[in-house]
Asker: 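Before I ask anything, let me first share the structure, which is written out below as structure tokens.
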Amino acid sequence: MNPLGLASLPADVLNALRLLPLVAERLDAIATNTDDLPPVREAIEGVKQDTSVLPDVSAKLDRIATATDGIPEIDRKIDSLSSDLAALTDLKEQMAVVAEATKVMPKMDGRMATIEEAMPALLEVQQHLARLPETIEGLQAGIDRLSKLMEGLLTSMDRLDGDVDSLQQSIQPLGRIADRLPGGTRGQQGDA
């Protein structure tokens, strides 16, 4: 006794039906693998914001370099200090220039600390981005397999539909015979 008619289903339909849990499992794995994409995008946006101050840092470093170009000259003047005390005035002026130029150091140090704090996030983003092609490739392979399975399932469903139509056509004569037997629908109408 086979109430669901599963034994009469073609083998390829049964195989396709058996694969449905595997397809569902793979779809769950794909969904899990793509859960990381929004945090990666947020991390990239954070890196973009954190590194937006880099041009200012570069410009200030250039200013510092320009402002400290006179340091070798200051060094030479310190060496000649014992022979020429008049050079102290020049040295004092040049030290004032250096002091002015280095006022930005605390700000720059703070910005460098911000960049340093952002580095772990940048590394994490880089790692996620490195795995992204592999994840996409796996996702594509899964989609391709699912597509092939679905094509096979559709073919099996078409064949099953044809089998059901053939079965229905072969049963119709039995239905007409059953209607003519006593207790059939025609036999009951005649009794009424």
Side-chain angles (χ1 to χ4, degrees), residues 1-58 110-189 191-192:
M1 188 81 181
N2 189 5
L4 298 177
L6 291 177
S8 64
L9 289 176
D12 52 346
V13 172
L14 284 174
N15 286 338
L17 290 174
R18 286 185 188 115
L19 290 176
L20 286 177
L22 179 62
V23 169
E25 182 181 315
R26 297 252 170 96
L27 286 173
D28 286 344
I30 289 168
T32 301
N33 287 336
T34 56
D35 284 344
D36 291 340
L37 293 179
V40 168
R41 174 172 276 168
E42 286 178 23
I44 290 171
E45 288 300 320
V47 168
K48 180 181 172 185
Q49 290 174 355
D50 290 343
T51 58
S52 64
V53 296
L54 288 178
D56 287 343
V57 170
S58 178
R111 289 180 179 161
M112 293 299 283
T114 301
I115 292 169
E116 184 179 11
E117 290 172 10
M119 289 308 286
L122 283 172
L123 291 174
E124 185 177 337
V125 167
Q126 182 183 14
Q127 291 169 352
H128 285 294
L129 289 176
R131 290 192 316 249
L132 188 59
E134 180 183 310
T135 302
I136 289 173
E137 187 177 303
L139 179 61
Q140 184 61 46
I143 289 171
D144 290 346
R145 284 193 303 274
L146 178 61
S147 178
K148 287 178 184 175
L149 285 172
M150 294 305 285
E151 286 175 14
L153 183 59
L154 287 175
T155 302
S156 298
M157 295 286 283
D158 288 344
R159 195 176 311 130
L160 180 61
D161 189 40
D163 290 348
V164 169
D165 285 345
S166 297
L167 182 61
Q168 188 175 10
Q169 288 175 2
S170 65
I171 291 177
Q172 280 179 351
L174 291 175
R176 285 192 293 258
I177 291 171
D179 284 345
R180 291 184 185 153
L181 291 175
T185 55
R186 277 189 166 174
Q188 289 176 356
Q189 289 175 355
D191 292 342

Asker: Looking at CG of Leu22 and CG of Leu146, how far apart are the two atoms once the value is rounded to the nearest 0.5 Å?
Answerer: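 Here the interatomic distance stands at 10.0 Å.
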Asker: Can you tell me how far apart CD (Gln172) and CG (Leu167) are? Round to the nearest 0.5 Å.
Answerer: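 One gets 10.5 Å once the value is rounded to the nearest 0.5 Å.
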Asker: Can you measure from CG (Asp163) to CG (Asp158) and round to the nearest 0.5 angstrom?
Answerer: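 Spacing of CG (Asp163) from CG (Asp158) equals 11.0 Å.
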Asker: My understanding is that only one of Arg145, Met150, Glu151 makes a side-chain contact (heavy atoms from CB on, under 4.5 Å) with Ser147; could you say which?
Answerer: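 Exactly one pass, corresponding to Glu151.
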Asker: Rounded to the nearest 0.5 Å, what separation is found between the CZ atom of Arg18 and the CG atom of Leu20?
Answerer: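 Reported value, rounded in 0.5 Å steps: 11.5 Å.
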Asker: Please tabulate, for side-chain N and O atoms in residues 125-143, each donor-acceptor pair with protein atoms closer than 3.5 Å (sequence neighbours left out).
Answerer:
from, atom 1, to, atom 2, distance (Å)
His128, ND1, Arg131, NH2, 3.0
Thr135, OG1, Arg131, O, 3.0
Gln140, NE2, Asp144, OD1, 2.8

Asker: Working to the nearest 0.5 Å, report the span between CD1 of Ile115 and CE of Met119.
Answerer: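 Going from CD1 on Ile115 over to CE on Met119, the span is 9.0 Å.
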Asker: Who passes side-chain contact (heavy atoms from CB on, under 4.5 Å) against Asp165, sequence neighbours left out?
Answerer: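 For Asp165, the residues satisfying side-chain contact (heavy atoms from CB on, under 4.5 Å) (neighbours in sequence not counted) are Asp161, Gln168.
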